[in-house]
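In what follows, a structure is listed as structure tokens, so that the remarks can point back to it.
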There are 2 protein chains.
Amino acid sequence: MVKITDVARHAGVSPSTVSYVLSGKRPISEETRRRVQASIRTLGYRPHAGARLAGGRANVLALVMPLWAGVHAPTALRFAASVVTAARSYGHDVLVLTQDEGEQGLRRVTDTVPVDGLIVMDVGLRDPRLPVLRDLDRPAVLIGFPADRAGLTCVDLDFRAAGERCVDHLAELGHRAVALVGPPPEVYVRRTACAQYVLQGFTAAADRHGLTSTVHPCEATAAAARATAERLLREHPAPTGIVVHNEAVLEPLTEAFARLGPRVPEELSVTAICPADLAESARVPLTSVALPAAETGLRAVELLMRALAGEPVPATTLLAPVLTVRGSTARRTGGGGV
Amino acid sequence: MVKITDVARHAGVSPSTVSYVLSGKRPISEETRRRVQASIRTLGYRPHAGARLAGGRANVLALVMPLWAGVHAPTALRFAASVVTAARSYGHDVLVLTQDEGEQGLRRVTDTVPVDGLIVMDVGLRDPRLPVLRDLDRPAVLIGFPADRAGLTCVDLDFRAAGERCVDHLAELGHRAVALVGPPPEVYVRRTACAQYVLQGFTAAADRHGLTSTVHPCEATAAAARATAERLLREHPAPTGIVVHNEAVLEPLTEAFARLGPRVPEELSVTAICPADLAESARVPLTSVALPAAETGLRAVELLMRALAGEPVPATTLLAPVLTVRGSTARRTGGGGV
DNA sequence: CTCCGTCGTCGAAGCGCTTCGACAACCTTC
DNA sequence: GAAGGTTGTCGAAGCGCTTCGACGACGGAG
């Protein structure tokens, strides 16, 4: 293992000079800097994270992610993967923490492990971890928007706008009755932020367009999806436009529709809020607002890096929803409605 | 942040004594030990990982996992979750590394981050990382069995026996022609160990029973699954027993069968090698050999902890396959065959 | 030509912890 | 009852790095 003193010797300077070249915290002559950097490269020097002891950077960030309960694994993994990849591109490694470690988990990890900053996924509207995050001596970026975001840096898809965008699209196609199939009730209870925002956007847009609307939380099981499909079709007026915000039931739900009668999109238009490739690879490619996991993760890391560099960062970054029309929505046919 | 000197002062001993109480590397009188431990508890002291500098434990382990390519996300996440949970129960945190960082990734992380040991998922038969792992000054546990496991600690489901077990079951039920639907060709090319072992077990058992057998690698897409289903049914002799070792196509494959004709299990018996809950929640509950993600992760962590404690650990831990009969297999009916 | 301010570099101290050698105190053993 | 062993504890050094204060060299101002 090559250490800073090796670099210093090789470059003919003192260790402190090498340190200052690395951190840029003191002026170093152009020539010395170049020599030091050359030595660093030829020796393949890499600072050791343990030295965060002395106030340095560890080049490690912590990612708090939901690992068990009620999350759609492929989606969660996509976020994680993009965070890890982005972090690596900044030379950082990633420590994972599970959601359920809660507030103490945050405390523990910042006290115990050399970690430069945190990224927290799946934030609740009134997440109990918020006070701790505000209080921490390290920067943090939330993926999701809690109700009170004072003193926090947040990034996420604009879920409210996403909900609206879906309804707008359905309204433009002439649909007069719409339904939202959302995540399971627990998620609303936990008050996961994005579920709430979609709901708000959905309702607001439906009202704005004067549409009839209903909301159906749905467990992430095929059976629940089938039950929800049946319930939807029995409604009066029967919705002709559906917004699905629940990746896990996308598949069984569309299949249930296929069995129960209404043809998609001829008789029933379906839009989803989900990762783009999921929407593409459905048996009927779904018109969807993309859940930009890759971009969100990347943005979160970028924000964290800028915060670490001492730059000011925007408190909120809302990613604009992009609706892609695929095969699952069509102009409303037939009369009906009420 | 309370540090070791605080504890020492509070207990009326020197810092080194506290350290020895913690590490047990020197005898400490019963009375002193108790006093120190009391102080540790009341002050809520937690050693800082950065101090691994001085030779201590960091209480961090690295998990190398496949994050993008061709893995079944829910299964991968299950492994990861079990590793993280088990690690936490030993007071360790987990740093994730992606598969594709390869050998240098291992080097980097052990040089750079205070990490006590490694767990490596998804090992190839001739994984290029093996030399590095052997060479490292830290213990490592592999999930999976490479061809040459000298000097390595490995744990995994006995995939060979799992393949055999499925075929045995089908043979017992009177099936004379069986087919294996495996992971995509890439996986065989990368020589991911478990795919090879299932294949071996499948072939060996089929030969032993004198069954006709064919092998069908299959992409992880619904389209590929449908194509595979059609190909299977056109074969001559048509297989009446199928072994599926590819979680991603489980669903579309069974559905394709449902459409194309043969009734499961009356006309076609299907067994799977997959996580138990996946098998249970299929529309026709699948007879399966469970992929024990939770147990495997736990075992891997246990082995690592024992290695860290200096205890000798078994070089190989093979988990015996457990076949659970559910609704997708039945005694072969009808005549046919050739 | 001196004085002072800058610039660039260095040495030393210290981060929280472990570990080595030392050393009292006590216990055997002849 | 002195020699030799144990046992339990301590002090100090050091891990790789950062940072603070110091200092020599240089240049511009007076």
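Being a predicted model, the structure only gives us computed values, none of them experimental. Order of the sequence lines fixes the chain letters, A, B, ..., with proteins taken first and strands second; residue numbering starts at 1 for each chain.
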(message) How many whole angstroms separate atom CD1 of A:Ile40 from atom P of D:dG16?
(response) 16 Å

(request) With DNA chain D as reference, determine whether A:Ala51 or B:Gly12 sits nearer its 5' end, using the nearest nucleotide of each. (result) B:Gly12

(message) From CZ of A:Arg35 over to P of C:dC10, roughly how many Å is that when rounded to an integer?
(response) 8 Å

(message) Does a side-chain N or O of A:Ser19 approach OP1 or OP2 of D:dC17 to a distance below 4.0 Å, or not?
(response) no

(request) Return the value, rounded to whole Å, for the distance between atom CD of A:Glu31 and atom C1' of C:dG8. (result) 12 Å

(request) Scan B:Gly50 against the nucleic acid and name what it touches under 4.0 Å (heavy atoms): base, sugar-phosphate only, or nothing. (result) nothing

(request) Mind checking B:Val18 for me? I need base, sugar-phosphate or nothing, with any heavy atom below 4.0 Å counting as a touch. (result) nothing

(message) If I take atom NE2 in residue B:His48 and atom C1' in nucleotide C:dT18, what distance separates them, rounded to the nearest angstrom?
(response) 15 Å

(request) Please work out if A:Ser29 contacts a base, only the sugar-phosphate, or nothing of the nucleic acid, heavy-atom cut-off 4.0 Å. (result) sugar-phosphate

(message) Nearest heavy atom decides the nucleotide; on that basis, is A:Tyr20 or B:Arg26 closer to the 5' end of DNA chain C?
(response) A:Tyr20

(request) Round to the nearest Å and state the distance from A:Leu43 atom CG to D:dG16 atom P. (result) 15 Å

(message) Check whether B:Ser39 reaches the backbone of B:Arg35 with its side chain - one donor and one acceptor, N or O, closer than 3.5 Å.
(response) yes

(message) Just the rounded figure in Å: distance from P of D:dG14 to CD1 of A:Ile4.
(response) 19 Å

(message) For the residue pair B:Gln104 / B:Arg129, report whether a side-chain donor-acceptor contact shorter than 3.5 Å exists.
(response) no

(message) Using heavy-atom distances to pick each residue's nearest nucleotide on DNA chain D, tell me which of B:Arg52 and A:Gly55 is more 5'.
(response) B:Arg52

(request) Establish, from distance only, whether the side-chain atoms of A:Thr32 and A:Ser29 form a donor-acceptor pair under 3.5 Å. (result) yes

(request) Output the single nucleotide from D:dC17, D:dC10, D:dT19 whose closest atom is nearest the side chain of B:Thr17. (result) D:dC10

(request) Quickly work out the B:Leu53 CG to D:dG14 C1' distance and round it to whole Å. (result) 10 Å

(request) Starting from C1' on C:dG16, measure out to CZ on B:Arg9 and report it in whole angstrom. (result) 13 Å

(message) Looking at D:dC17, I'd like to know if its phosphate oxygens (OP1 or OP2) sit under 4.0 Å from a side-chain N or O belonging to A:Lys3.
(response) no

(message) Given A:Val123, which partner from the list A:Ile143, A:Leu130, A:Asp156 fulfils the side chain to side chain contact (heavy atoms under 4.5 Å, CB included) test?
(response) A:Leu130

(message) If you go through the side-chain atoms of A:Thr32, does one of them form a donor-acceptor pair with the base of C:dG8 closer than 3.5 Å?
(response) no

(request) Please answer whether the main-chain N or O of A:Val115 pairs with a side-chain N or O of A:Arg138 as donor and acceptor at a distance below 3.5 Å. (result) yes

(request) Between D:dG16, C:dC17, C:dC10, spot the one nearest the side chain of A:Ala54, thanks. (result) D:dG16

